[in-house]
Amino acid sequence: MDLRENSPVVAQALDPAADLLYARWRRAVDRLWREVLRRRQRQLTERERALAARRIRNLQRIVRRALAEYHRIQLERSARPSN
């Protein structure tokens, strides 16, 4: 019997790393989305557009890394033998 299936509290206690990484990924996606919307809505000079594009590239990199870490933890979790 897997306790994680019966109780979300137990599931959170057993693997807080996955929850932390999922929260990091969600936060990064939200920041990226807000930055994209802000860039579309404003009239920017050439220099401001270049800076905004750089911020977006950096945020995309953060999102990719956060998702890769979350995926790695989930794969480790699924590879564990269940009792």
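Each residue takes its place number in the sequence, starting with 1.
For Q60, there are no side chain to side chain donor-acceptor pair (under 3.5 Å) partners at least two apart in sequence or on another chain. Scored by the side chain to side chain donor-acceptor pair (under 3.5 Å) test, E46 finds R49 as partners (sequence neighbours excluded). Checked against side chain to side chain donor-acceptor pair (under 3.5 Å), R39 has no partners two or more places apart in sequence or in another chain. Taking R38 as the reference, E35 meet the salt bridge (Lys or Arg N to Asp or Glu O under 4.0 Å) condition, with sequence neighbours excluded.
In this structure, the separation between CG on L51 and OG1 on T45 is 8.0 Å, given to the nearest 0.5 Å. Atom CZ of R64 and atom CG of L59 lie 11.0 Å apart (nearest 0.5 Å).
Residue pairs meeting the ring pair (Phe, Tyr, Trp, His ring centres under 6.0 Å) criterion with at least one partner in residues 48-78, sequence neighbours excluded, are Y22-Y70.
For the pair R24/L21, a side-chain contact is recorded, criterion being any heavy-atom separation below 4.5 Å from C-beta on.
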For this session: Any chance you could lay out the side-chain hydrogen bond (donor to acceptor under 3.5 Å, both in side chains) test for N58 and R61, step after step, and finish with the verdict?
Result: CA-CA 5 Å; N58 288 339; R61 188 177 317 118; 3.1 Å; yes
For a quick test of your reading: what N or O donor-acceptor pairs under 3.5 Å do the side chains of residues 25-34 make, sequence neighbours left out?
unit_1: R26; atom_1: NH2; unit_2: D30; atom_2: OD1; d: 2.9

